[in-house]
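Comments concern the structure below.
Naming: A, B, ... by sequence-line order, numbering from 1 per chain. All values derive from a computational prediction rather than experimental measurement.
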Amino acid sequence: MAGATQDFSQFDISKEEIDKLVAEVVRYVLFKTHQNSGCPIKREELVQLVTKNYSQRALPAHVINAAKEKLSNAFGYELRELLRCRPSSATQGRSTQQTGVAEAKSYVLISQLPAEVYKKYVEDENSAHLSGFTFVVISIVHLAGGKIPEDILWRHLKRMGLCETDASHPVFGNAKQALETLVQQRYLQKDKVNGPEGNTLFYELAERALDGPVSEKMKEYISEIVSKDVVPVDVDEAE
Amino acid sequence: MPSLNWKHHALVQALMTRGPLKEKDFHAIFSGLTGKSPGAHQGLFNEYLLNINKELSSCQFELRACRDQYVGQVCYGVVNNVADEQSKLGTKYTVQQIAFFKGILEAIAQDVIAQGSISNIEALNIRLENQVLSTQGSQLLNGPLPAAFRNFTMSQKEKTLDEFVQDQWLCCTPDGKIGLGVRSCLDLRGWFRNLDVPFCEVCNEAVVKGELCQNEGCAVRIHHYCLKNKFSRRSGEILCPRCGLKWQNQLPKAEILDEEEEANDAIQSQPAQRPKRKRTKTNETHEKDAVGCGSSQSSVPNSDFRRITRSSSRPASQR
């Protein structure tokens with residue numbers, strides 16, 4: 001069961017033990033993803049599963065790779081690696097590395113099924129509203145250039161019927177909490193910027209929304225929507 | 001080990017994301033994916049499930065079916081088979097909620113006449129403190145009980161009951177009581193064994209709702225639907241498989257048929273709602289954990305349930 005492409009012979013550990021470790025990592029990822037509603041899992045947590053009992057240095061990386069294979073072969077999930085990005089005001093350019101600071105890698109599970117198959121058989125209708133909300137918010141931030149002040153974002157959402165102060169919206173419950181969940185799931189990140197009038201809170205696209213495939217699809221869908229909508233709309237809010 | 005293709009994956013992910021599915025829905029997915037109906041192509045269907053389980057078993061998961069004890073309908077789910085550290089993560093329920101759930105399960109499972117359900121009021125009166133003592137052993141016998149367990153209010157219990165029903169750990173029976181949900185039937189076999197719940201002589205699943213042997217000293221239980229199968233096939237009398245006493249069916253045959261028809265009607269019409277509760281959608285995306293996983297999640301608790309994978313996990317989001 002240990003991945004065919006992973007060579008474990010360099011470690012002095014029995015096959016059964018390796019299999020057990022891989023199963024543990026797979027199970028951890030599955031259960032944790034459920035528990036935290038799809039928020040990314042830190043690589044450090046997976047590494048710990050291995051290092052708590054075994055001290056070989058390269059072992060965690062091998063086990064995680066084998067778990068990746070397992071998740072793909074048995075379940076059809078991709079264990080996608082994301083690099084945690086920092087708010088743009090904190091770094092120059094897109095570099096996320098500073099001397100002495102390790103890259104913070106995290107993982108999310110993504111279904112590898114073709115989109116039509118997923119939509120037809122797998123998608124849970126009860127959570128469709130959340131996907132819709134995620135899409136709308138990311139689109140707004142994307143169209144604003146990847147970064148948007150908090151009050152402008154809420155202004156746009158209000159035009160679509162969701163107010164910041166809604167604590168018991170019939171679909172989304174607490175509106176603020178719904179937005180906060182997107183931050184926890186790393187679609188967005190918050191950034192406080194010092195301005196002439198004091199601190200402003202900005203929402204920026206974070207690693208999950210910037211991830212290659214996601215970003216590409218977003219651009220496609222947005223351009224589909226925008227090209228259909230030929231009626232000019234009030235743009236006095238757009239800053 | 002044969003490798004699985006996207007069709008197998010779709011079946012597994014469907015169960016993990018959406019939770020346990022009724023047989024006809026699951027069969028519909030299979031037909032949609034392969035173009036063949038499970039009824040006509042039993043061998044192919046079984047092969048699919050077998051191959052899936054070969055892969056899942058290395059991770060202690062299993063795709064299995066069970067019969068919902070209240071309507072006799074078959075359901076499929078992905079369940080978690082081992083309660084380890086990882087599966088304990090697979091639930092969104094708090095410790096108090098889980099203690100509450102255990103209390104309800106025990107009350108239902110230990111019903112001597114195997115009605116398989118308890119009333120709303122009974123459920124709300126379950127005391128969490130009893131659960132705490134049993135899980136934590138002697139440590140708490142002398143110390144004070146955690147305040148959180150004592151302060152689990154009625155309204156919290158009501159809300160929690162709603163969630164359990166929504167997540168299919170519990171169900172609302174047609175007569176308005178609380179019974180075990182599909183996830184519990186799929187996932188908590190081991191737990192029923194621990195509680196010494198008798199298993200059905202016919203199908204070897206725990207009998208939470210069923211009929212008892214008339215002989216007082218005999219602990220045999222059989223599900224209603226298993227009995228029906230037995231009665232309809234034989235023309236003579238049924239004898240209890242263990243003590244040999246003539247088995248009186250507790251409901252006259254005509255009534256058994258009526259009951260089934262009623263149950264069918266109940267399914268086709270609006271599913272029984274808990275009275276007067278408006279449920280706002282909370283921000284949950286769930287996985288079955290076990291996907292329908294297992295005992296946690298979960299899914300559920302999972303696994304399949306949650307805990308079950310309820311757990312069954314619902315881990316994936318589409319790109």
key: Heavy-atom pair of closest approach, residues V122(A) and A10(B)   = CG2-O, 3.8 Å
key: Non-hydrogen atoms of Y77(A) and T17(B) that approach each other most closely   = OH-OG1, 4.2 Å
query = Between R18(B) and E123(A), is there a side-chain N and carboxylate O pair less than 4.0 Å apart?
reply = no
Donor-acceptor pair, side chain of H8(B) and main chain of F75(A), under 3.5 angstrom = no
message = How long is the straight-line distance from CG of D124(A) back to CD of Q13(B), given to the nearest 0.5 Å?
response = 13.0 Å
request  = Return yes if some donor-acceptor pair links the side-chain N/O of H9(B) with the main-chain N/O of S72(A) below 3.5 Å, else return no.
outcome  = yes
Region of S215(A) in contact with chain B, defined by heavy-atom distances below 4.5 Å = neither
key: Distance-minimising heavy-atom pair for M16(B) and L30(A)   = CE-CD2, 3.8 Å
query = Restricting to pairs with a member in residues 39-55 of chain A, which pass side-chain hydrogen bond (donor to acceptor under 3.5 Å, both in side chains), not counting sequence neighbours?
reply = E17(A)-Y54(A), Y28(A)-E45(A), K32(A)-E45(A), R43(A)-Y107(A)
key: Close contacts, residues 29-40 of chain B versus chain A, judged by heavy atoms under 4.5 Å   = I29(B), G32(B), L33(B)
query = Is there a side-chain contact between R27(A) and N80(B), using heavy atoms and a 4.5 Å cut-off?
reply = yes
Check: L11(B) and Y121(A) side chains under 4.5 Å, non-hydrogen atoms = no
request  = Would you mind reporting whether V26(A) and C59(B) have side-chain heavy atoms less than 4.5 Å apart?
outcome  = yes
request  = Answer with side chain, backbone, both or neither: which region of E216(A) has an atom nearer than 4.5 Å to a non-hydrogen atom of chain B?
outcome  = neither
message = For the CG atom on D151(A), are there more than 12 heavy atoms of other groups (residues, nucleotides or ligands in this structure) within a distance under 6.0 Å?
response = yes
query = Are the side chains of N36(A) and K92(B) in touch, meaning some heavy atoms are under 4.5 Å apart?
reply = no
